Amino acid sequence: MKKILFIYKNKASWAIRDRDILGKNFELKEFFVTRKGLIQVWGWMGLVLQVDIIFAWFGSIWFLPLLIWGKILGKKLVIVAGGYDVAKDELFHHGSYTHSLIKQKLQTLVFKFADKVICISQSNMKEAMDNALIPEDKIELIEHGFEKPEIDLRPWGERKNKVVMISNVSPAKFYIKGVDQLILIAKEMPEVEFILMGSIDPESEALFKNCPSNLRRLGAMDFGSKSFNDELNSAKIIMQLSHYESFGAAVVDGALRGCYPIVYSQYALSEIVSDYGDQCEYGQVDQLKKLIGQALKAEHNPQEIQDYFFNRYNFTVRENALNTVLKSL
C-alpha cells in the first residue's frame with residue numbers, strides 16, 4: 001500500500017473530504033502547515049522520508065521547502081490547484097498572479113515540481129494553464145465531490161421566500177465574494193428575506209453600515225450541523241454573487257438541501273449552474289432581481305434539485321478519480 005503525506009494549511013470542508021478519502025485507501029500521514037511547523041525542519045523532513053507521495057491541498061508557496069525536499073528524495077508530488085494560487089482577478093487584485101513578478105515566479109515553481117496537478121473546474125484548469133503555465137498533460141480535472149445530507153427535504157410550498165448566500169467575510173473578501181452585491185439586491189427587494197451565512201471578521205463591520213433590515217447575518221455555522229441544514233432546508237434560493245470563484249461549493253451545498261441556485265456568471269459559477277439554475281452578468285442587479293422574483297414564484301422541486309446536483313457532483317466520483325491518479329504514480 002502506497003504511503004501518502006497529506007499537507008494542507010486550510011481546514012476547509014473540501015480539504016478534509018480529500019484527506020478522509022486518502023485515509024481510506026492509502027497509508028496516510030498528515031501535516032498541517034504553519035510558520036511554526038516549517039521552522040521545525042527535522043519534523044517534516046522525517047515525514048517526507050517515510051512516504052511515497054506528497055499530496056498538497058493548494059499550491060501554496062509555504063509548501064516550497066517540503067516540495068523541494070520531496071523532489072530531492074524522488075517522491076511523487078500531487079498538488080490541488082486552489083482558487084488563489086492560479087488566479088488572476090485584476091479588478092479586485094485577487095490571486096497570486098496579481099502580485100509581484102518574484103512571487104509569480106515562485107508560484108509557478110511550486111507547480112513545476114508537481115507530477116500531477118488536480119483542477120476542480122474547467123475555469124480553474126484554464127487559469128492553471130494560462131497563469132501558472134502548467135502543461136495540459138500534467139493536469140487532471142476532478143471536480144469536487146459531495147455527500148447527500150441526511151435530512152427530509154421540505155416541499156417548495158413549505159419553504160419561506162428566503163434567499164441564502166454562504167460566505168465568510170473579511171475586508172479582502174467583501175467585494176470578491178460579492179457581499180456588496182448582496183446588500184444591493186436586499187435593498188432592491190425589501191419584501192424578501194436575505195440570509196448571509198458565514199463568519200464575519202470584526203474589521204468588516206463598518207462595511208455593513210448601510211445594511212437593510214431584511215438582510216440577516218447569521219455568522220459562523222458548523223458545516224452540516226442541524227442549524228446549517230435547517231436554514232437551507234427552509235429557504236428557496238441559494239445565491240452566489242462572487243466576482244471570482246474557482247468552483248462554488250456553497251452553491252452545491254445549498255442545492256443539495258433543495259435550494260434553487262442563482263449566480264453571477266463569473267469564472268466557475270457559470271459551470272455550476274449551466275444546466276440547472278439561473279445566472280446573469282456580474283453587477284446586473286436589475287436582472288438579478290428579475291431572476292429571484294421568477295424563482296420565488298415558480299414551483300421548483302427540491303428533490304429534483306438535490307438529485308441533479310448529487311448525481312453531478314457525487315462524492316464517489318471524486319474518490320474513484322483521486323484513487324486512480326494516485327495509484328498510477
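Here the structure is a predicted model, which means the values were calculated and not measured. Note: hydrogens, waters and symmetry copies are ignored here, and every other heavy atom, side chains too, is used.
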Supply the atom-to-atom distance S242 OG to Y267 OH, rounded to the nearest 0.5 angstrom.
11.5 Å

Is a side-chain donor or acceptor of D52 paired with a backbone partner of K2 at a separation under 3.5 angstrom?
no

Taking the cut-offs as 6.0 angstrom to the six-membered ring centre and 45 degrees off its axis, would you call R257 and F223 a cation-pi pair?
yes

Could you state whether I166 and M221 fall into the same hydrophobic cluster, counting links through intermediate Ile, Leu, Val, Met, Phe, Trp or Tyr residues with side-chain heavy atoms under 4.5 angstrom apart?
yes

Report, as yes or no, whether the 6.0 Å neighbourhood of atom CD on Q284 holds more than 12 heavy atoms from other residues, nucleotides or ligands.
yes

Taking the ring of F174 and the ring of F208, is the distance between their centroids below 6.0 Å?
yes

Let me see the working for K103 and S96 under side chain to side chain donor-acceptor pair (under 3.5 Å), right down to the final yes or no.
CA-CA 7 Å; K103 185 169 183 180; S96 291; 5.2 Å; no

Atom pair NZ (K126) and CD (E136), whose distance is rounded to the nearest 0.5 Å
12.0 Å

By side-chain hydrogen bond (donor to acceptor under 3.5 Å, both in side chains), which residues pair with K138, not counting sequence neighbours?
none

Distance-minimising heavy-atom pair for F58 and G82
CD2-CA, 3.3 Å

Taking atom types as modelled and ignoring hydrogens, do the side chains of Q306 and Q303 form a donor-acceptor contact shorter than 3.5 angstrom?
yes

Y244 and Y264 aromatic centres sub-6.0 Å
no

Please evaluate residues D18 and R318 with respect to the criterion salt bridge (charged side-chain N to carboxylate O under 4.0 Å, His left out), reporting the C-alpha separation (whole Å), side-chain torsions for both, the decisive distance (0.1 Å), and the verdict.
CA-CA 9 Å; D18 281 358; R318 183 171 177 89; 2.7 Å; yes

Any pair with a residue in residues 143-159 that passes side-chain hydrogen bond (donor to acceptor under 3.5 Å, both in side chains), sequence neighbours left out, goes on the list, sorted by first then second residue, please.
R159-N233

Check ion pair E231-K226 (N to O, under 4.0 angstrom):
no

Determine the minimum heavy-atom distance between A186 and P212, stating which atoms define it.
CB-CG, 3.6 Å

Is it true that the side chains of Q50 and K3 contain a donor and an acceptor less than 3.5 Å apart?
no

For G224, is there any backbone N or O sitting under 3.5 Å from a side-chain donor or acceptor partner on N229?
yes

Measure from the side-chain N and O atoms of N214 to the backbone N and O of V192, and report whether any donor-acceptor pair falls under 3.5 Å.
yes

Could you tell me if the side chain of K289 sits less than 4.5 Å from the side chain of I185, heavy atoms only?
yes

Looking just at side-chain N and O atoms, do E319 and T316 make a donor-acceptor pair shorter than 3.5 Å?
no

Given V263, which partner from the list I272, D278, V251 fulfils the side-chain contact (heavy atoms from CB on, under 4.5 Å) test?
V251

Hey, which of E281, M189, M239 is the one that makes side-chain contact (heavy atoms from CB on, under 4.5 Å) with L288?
M239

Does atom CG (D222) have a neighbourhood of more than 12 heavy atoms from anything else shown, all under 6.0 Å?
no

State yes or no: do W44 and W62 share one hydrophobic cluster built from I, L, V, M, F, W and Y residues joined by side-chain heavy-atom distances below 4.5 Å, directly or via other members?
yes

Ring centres of F146 and F310 under 6.0 Å apart?
no

Starting from the C-alpha separation in whole Å, work towards a yes-or-no answer on side chain to side chain contact (heavy atoms under 4.5 Å, CB included) for N323 and I21.
CA-CA 8 Å; N323 288 339; I21 284 174; 4.3 Å; yes

E191, CD atom: more than 12 neighbouring heavy atoms under 6.0 Å
yes

Is there a donor-acceptor contact under 3.5 Å from the side chain of T324 to the main chain of N320?
yes

What closest approach, in Å, do L28 and R19 show between heavy atoms, and which atom pair accounts for it?
CD2-O, 3.4 Å

Taking atom CD1 as the centre, does I102 end up with more than 12 heavy-atom neighbours from other residues, nucleotides or ligands that are less than 6.0 angstrom away?
no

Give the minimum heavy-atom separation between Y97 and D85, together with the two atoms involved.
CE1-O, 3.2 Å

What I'd like to find out is whether the side chain of V117 reaches to under 4.5 Å of the side chain of E140, using heavy atoms alone.
no

Compute whether any side-chain donor of one residue and acceptor of the other, for S123 and S121, lie under 3.5 angstrom apart.
no

Side chains of Y175 and L207: does their closest heavy-atom pair fall under 4.5 Å?
yes

Under the 3.5 angstrom rule, does the side chain of D201 hit a backbone N or O of S170 as a donor-acceptor pair?
no

Using the benzene-type ring in the case of Trp, are the ring centres of H94 and Y84 under 6.0 Å apart?
yes

Suppose we screen for side-chain hydrogen bond (donor to acceptor under 3.5 Å, both in side chains). Which residues come up paired with K105, at least two apart in sequence or across chains?
none

Can you label the angle between the F92 ring and the H243 ring as parallel, tilted or perpendicular, going by 30° and 60°?
perpendicular

Heavy-atom side-chain proximity of I79 to V110 below 4.5 angstrom
yes

By side-chain contact (heavy atoms from CB on, under 4.5 Å), which residues pair with I68, not counting sequence neighbours?
L64, I72, F113

Distance col, row L241:CG vs I183:CD1, nearest 0.5 angstrom, shows 11.0 Å

Side chain to side chain, K71 and D115, heavy atoms closer than 4.5 Å
yes

Are L133 and I61 connected, step by step, through hydrophobic side chains (Ile, Leu, Val, Met, Phe, Trp, Tyr) whose heavy atoms are closer than 4.5 Å?
no

May I ask you to check whether over 12 heavy atoms, not counting those of K76, lie within 6.0 Å of atom NZ?
no

Taking atom CG of L49 and atom CE of M45, what is their separation to the nearest 0.5 Å?
7.5 Å

Apart from I151 itself, which Ile, Leu, Val, Met, Phe, Trp or Tyr residues share its cluster (side-chain heavy atoms under 4.5 Å, direct or through members)?
L153

Residue pair I195 / E193, side-chain heavy-atom distance below 4.5 Å:
yes

Any donor-acceptor N/O pair, T108 side chain to Q104 backbone, under 3.5 Å:
yes

To check you understand the geometry: which heavy-atom pair defines the closest contact between G83 and A87, and what is its length?
O-CB, 3.7 Å

Would you say E304's side chain and G258's backbone share a donor-acceptor pair under 3.5 angstrom?
no

Interatomic distance, OH@Y276 vs OH@Y260, rounded to 0.5 Å, equals 7.0 Å

What side-chain donor-acceptor pairs closer than 3.5 Å can you find for residues 4-11, not counting sequence neighbours?
{"residue": "Y8", "atom": "OH", "partner": "E30", "partner atom": "OE1", "Å": "2.5"}
{"residue": "N10", "atom": "OD1", "partner": "A12", "partner atom": "N", "Å": "2.9"}

Distance check, rounded to the nearest 0.5 Å: K236 atom NZ versus N161 atom CG?
4.5 Å

Which atoms form the tightest heavy-atom contact between W57 and F63, and what is the distance?
O-CE1, 3.6 Å

Is there a side-chain contact between I54 and W69, using heavy atoms and a 4.5 Å cut-off?
no

Do the side-chain N and O atoms of N168 and K173 include a donor-acceptor pair separated by under 3.5 angstrom?
no

Side-chain heavy-atom pair V78, L329 within 4.5 angstrom cut-off
yes

